[in-house]
Amino acid sequence: MDTYKIGVVAGDGIGPEVIAEGVKVLEAVAKLDGSFAFDFTHYPWGCEYYLQTGRMMAEDGMDELAKQDAIFLGAVGAPGVPDHISLWDLLLKIRKGFDQYVNLRPVKLLKGAPCPLKNAKPEDIDMLFIRENSEGEYAGSGSWLYKGKPNEVVIQDGVFSRHGCERIIRYAFETAKAQGKSVTSISKANALNYSMVFWDQIFAEVSKEYPDVPTHSYLVDAASMFMVKDPKRFQVVVTSNLFGDILTDLGAAIAGGMGLAAGANLNPERKFPSMFEPIHGSAPDIADKQLANPLATVWSAAQMLEFFGYQKWADRLIAIIEEMLCEKKVLTPDLGGTATTSQVGDEVVRKLQDAERTQQ
Ligand code: NAD
Ligand code: IPM
Ligand code: MN
């Protein structure tokens, strides 16, 4: 039997609540399948750990995680700890340290999901964002000069390497080619006269290797407008780290909300573990109240199953989420329901068991 070692970093705020449901669902899938198992190791890292120890993760935390086949992360960030510390020393440390340079974020409107766009149908909103996840605006390069003095200056560099741009753009083309879709690049070369000019140049170069894949290229401001006015035009989308961050929250808003938005941070070469996490944050406004929607985390669990080669289970989980959205019986308040976080997780498990029973 294959056993997958999963490092679980539930983190802060609603992180532990949604991750508990994700783990519950993954355990149910493994049990129903019978040919594989998960071995979960839970790490207590996050902002409370920081307040007790002065560190966001254990000193040998990255070595620990390196032993895992994948990482399942809830959310990081709490009001008592500066965000740039908590995120840089945990979430971004993992993404960068394990060279998880592909951030895959589906923006797909499932049937039954609420959509603020007038007349938008599920088939109109079906994008796959491929966000550069290792460098760009998140390179962490810069300086803070004359701190606290009247002539204070801060500089934040964007770092766009040929290697980094080529590999993410090529990943997008490979994905589009395999799925028979178009690739849209989103950049901003009219204002960012080094980084985005370079990005566009590399996009044009790589696209020559894929003459059969249709391409589009938009400036990020126009792209934001089109995502709302005419989302159909986007299929596979490739963009920089910061633009991808911002546009996928916009994507979440048009595809059912933060409670349904999933993401995978992949190291495609599988030299390091990949990490699966909902794209939302720790939502301190609703934490510890069982109000959080765990379906984004369940969707991320589906991405993990797909990554391990269990497409059937990934598809089944998405189908179950869609069924629950259409039935509108067991949903959290963000989707207009009254169910708790754990009731939603239990319902997913019940539907998994039902589906397996009817298949037999
Ligand atoms: P957020 O995503 O936590 O919350 C934004 C809004 O969406 C809130 O109103 C929240 O209640 C709602 N929401 C989010 N997830 C939900 C869910 N599963 N179910 C129902 N409602 C949900 O963003 P924020 O408020 O800007 O950030 C809060 C903290 O989280 C900050 O410290 C931030 O840095 C951090 N953050 C972490 C991650 C991560 O760990 N991946 C991502 C984004 C933000
Ligand atoms: C996300 C988050 C992170 C990001 C933050 C918390 C650093 O917003 O995963 O979308 O910007 O990547
Ligand atoms: Mn974000």
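Order of appearance sets the numbers: ligands from 1, and atoms from 1 within every ligand.
At a 4.0 Å heavy-atom cut-off, ligand 2 touches Arg95 through the side chain alone. Residue Arg105 touches ligand 2 through its side chain alone, judged by heavy-atom distances below 4.0 Å.
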Could you check ligand 1 for N or O atoms lying under 3.5 Å from protein N or O atoms and list the pairs with distances?
from: ligand 1; atom 1: 2 (O); to: Gly281; atom 2: N; distance (Å): 2.7
from: ligand 1; atom 1: 3 (O); to: Gly281; atom 2: N; distance (Å): 3.3
from: ligand 1; atom 1: 3 (O); to: Ser282; atom 2: N; distance (Å): 3.3
from: ligand 1; atom 1: 3 (O); to: Ala283; atom 2: N; distance (Å): 2.9
from: ligand 1; atom 1: 9 (O); to: Asp285; atom 2: OD2; distance (Å): 2.9
from: ligand 1; atom 1: 11 (O); to: Asp285; atom 2: OD1; distance (Å): 2.9
from: ligand 1; atom 1: 11 (O); to: Asp285; atom 2: OD2; distance (Å): 3.0
from: ligand 1; atom 1: 18 (N); to: His280; atom 2: NE2; distance (Å): 3.3
from: ligand 1; atom 1: 18 (N); to: Asn293; atom 2: O; distance (Å): 3.0
from: ligand 1; atom 1: 19 (N); to: Asn293; atom 2: N; distance (Å): 2.9
from: ligand 1; atom 1: 30 (O); to: Ser282; atom 2: N; distance (Å): 3.1
from: ligand 1; atom 1: 30 (O); to: Ser282; atom 2: OG; distance (Å): 3.2
from: ligand 1; atom 1: 32 (O); to: Asp83; atom 2: OD1; distance (Å): 2.7
from: ligand 1; atom 1: 32 (O); to: Asp83; atom 2: OD2; distance (Å): 3.3
from: ligand 1; atom 1: 34 (O); to: Asp83; atom 2: OD1; distance (Å): 3.4
from: ligand 1; atom 1: 34 (O); to: Asp83; atom 2: OD2; distance (Å): 2.9
from: ligand 1; atom 1: 40 (O); to: Val76; atom 2: N; distance (Å): 2.8
from: ligand 1; atom 1: 41 (N); to: Glu277; atom 2: OE1; distance (Å): 3.2

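If you check each of Asn265, Asp245, Asn133, Leu73 against atom 2 (C) of ligand 2, the one with the closest non-hydrogen atom is Asp245.
Within the structure, salt bridge (charged side-chain N to carboxylate O under 4.0 Å, His left out) contacts touching residues 350-360 (residues at least two apart or in different chains) are Arg316-Glu356, Glu323-Lys351, Glu327-Lys351, Glu347-Arg350, Glu347-Lys351, Arg350-Asp354, Asp354-Arg357.
Checked against the 6.0 Å centroid criterion, the rings of Phe173 and Tyr210 qualify as a close aromatic pair.
With 3.5 Å as the limit, one finds no donor-acceptor pair spanning the side chains of Tyr50 and Asp89.
Residues Leu117 and Val228 approach most closely at CD1-O, 3.5 Å, considering heavy atoms. Nearest heavy-atom pair across Lys67 and Lys5 is O-CE, 3.0 Å. Between Arg170 and Glu209 the shortest heavy-atom distance is NH2-OE2, 2.8 Å.
Atoms of ligand 2 found under 4.0 Å from any heavy atom of Arg131, numbered from 1 in the order shown, are 4 (C), 10 (O), 11 (O), 12 (O). Within ligand 2, the atoms closer than 4.0 Å to a non-hydrogen atom of Leu87 are 6 (C), 7 (C), numbered from 1 in the order shown.
If you chain together ILVMFWY residues whose side-chain heavy atoms come under 4.5 Å of each other, Met258 ends up grouped with Ile279.
Between Phe226 and Tyr218, the ring-plane angle classifies as tilted under the 30° and 60° cut-offs. Using a 30° and 60° split on the angle between ring planes, Phe36 and Phe38 fall in the perpendicular class, above 60°.
Annotation: atom 11 (O) of ligand 2 to nearest protein heavy atom, Tyr138 OH, 2.5 Å.
Around the Mn ion (ligand 3), the protein contributes the following N, O or S atoms at distances under 2.8 Å: Asp245 OD1.
The backbone N or O of Asn267 sits less than 3.5 Å from a side-chain atom of Ser274, completing a donor-acceptor pair. Between the side chain of Ser282 and the backbone N or O of Asp12, no donor-acceptor pair lies under 3.5 Å. No side-chain donor-acceptor contact under 3.5 Å links Glu21 to the backbone of Val298.
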